Amino acid sequence: MTFQAPGEVRIEERPDPSLQAPDDAIVRVESTGICGSDLHIYHGRVQIEPGFVIGHEYVGTVANAGDAVSEVAVGDRVLGTYGTACGGCFFCRRGEYHKCDESRVFGHGATLGSLQGAQAELLLVPHANLVLRRVPEGISDDAALFAGDVAGTAYHAIVEAGLEPGGSVAVLGLGPVGLCAVQVARAAGAALIVAVDSVAERLRVAESLGATPVHLTDEDPRGAVKRLTGRGVDLAIDAVGHPEALDLACRLARKAGTVSVTGVYAERTEVHMGVVWIKALTLRTGHANVIGHLDRVLAMLASGVLDPTPLVTHHMPLDEAADAYAVYDRREALKIVLVP
Ligand SMILES: [Zn+2]
Ligand SMILES: [Zn+2]
């Protein structure tokens, strides 16, 4: 699946990838997701070269591996993270793999490392010892697909932000990341999870996962949080990536609370610093350290503590990916899994 122009994606034939380095592996992709960040590319908000292959969520089988690949082997069923890390730079040595000096993201063009994407039959995976994991027994492809991006991002939003048992959380934006964050918050012992969105179906799913749903416009999220907590939530998550969501998160957090900014920002965005300062808020931002969290997230998926499979609303053949993008763009799907 290649990007052509804003609003236009197309299936094209490409030569098979070949190993470039001793720690490379090649994965035969069996399931691959469409992510909210792929829509940024689809709309041209994130610019990549025409003809570049998109996609960064994948489960498959190792088809080839270099001599230095020791953690997985040819024939293993594996999943991988959305991006790569070198394992040896200043940041990797601190475990901050998401800020690796040589980090590259699958399917995001030259600006993020020219790594062809996973919405394809074959995927070249650099630094396979860090990026790939065997899929534990009993995990379906649909669940495993979440480990390398969506579930790891939700884990980051909750756990890295320091949620403690008995705490309260507000999740703004109930796409797959927001809904996974609801599940992680429950698993982390949250006593109250307020889930905010404007799509009734998403609110219903959040409620089924144990959250208190609040409609963004038909109801009053600030009033609801005030009523439920008396002071605001310990942790408010902007899982949207829009200035209004960020502002609301700052309003919903209690004094000395935390705002976890999981939605993507690439441009100048205004934050009411007076609110942040007077309330003594902690802002946490950036990509998730998905490589750092991967083993814990897999353990949660394997045990069933985290089960994102209800979020998969569509399975479609990779050949129909252009239709799939159109469906996803109309917000008719939560998570679409493409099958090559
Ligand atoms: Zn993604
Ligand atoms: Zn590194």
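By convention here, the first residue in the shown sequence is residue 1. This is a predicted model, so every value here is computed, not measured. Counting starts at 1 for both ligands and their atoms, in listed order.
- For the residue pair His127/Asp24, the side-chain donor-acceptor check at 3.5 Å is not satisfied.
- At a cut-off of 2.8 Å, Asp38 does not coordinate the Zn ion (ligand 1) through any N, O or S atom.
- The SG atom of Cys86 and the SG atom of Cys89 meet at the Zn ion (ligand 2) at an angle of about 110°, given to 10°.
- The aromatic ring centres of Tyr42 and Tyr328 sit 6.0 Å or more apart.
- The aromatic rings of Tyr155 and His293 sit tilted, their planes meeting at an angle between 30° and 60°.
- With the Zn ion (ligand 2) at the apex, Cys92 SG and Cys100 SG define an angle of roughly 100° (rounded to 10 degrees).
- The residue from Arg77, Arg28, Glu30 that alone fulfils the side-chain hydrogen bond (donor to acceptor under 3.5 Å, both in side chains) condition with Thr61 is Glu30.
- Taking the Zn ion (ligand 1) as reference, the nearest N/O/S atom within Asp149 carries the name OD2.
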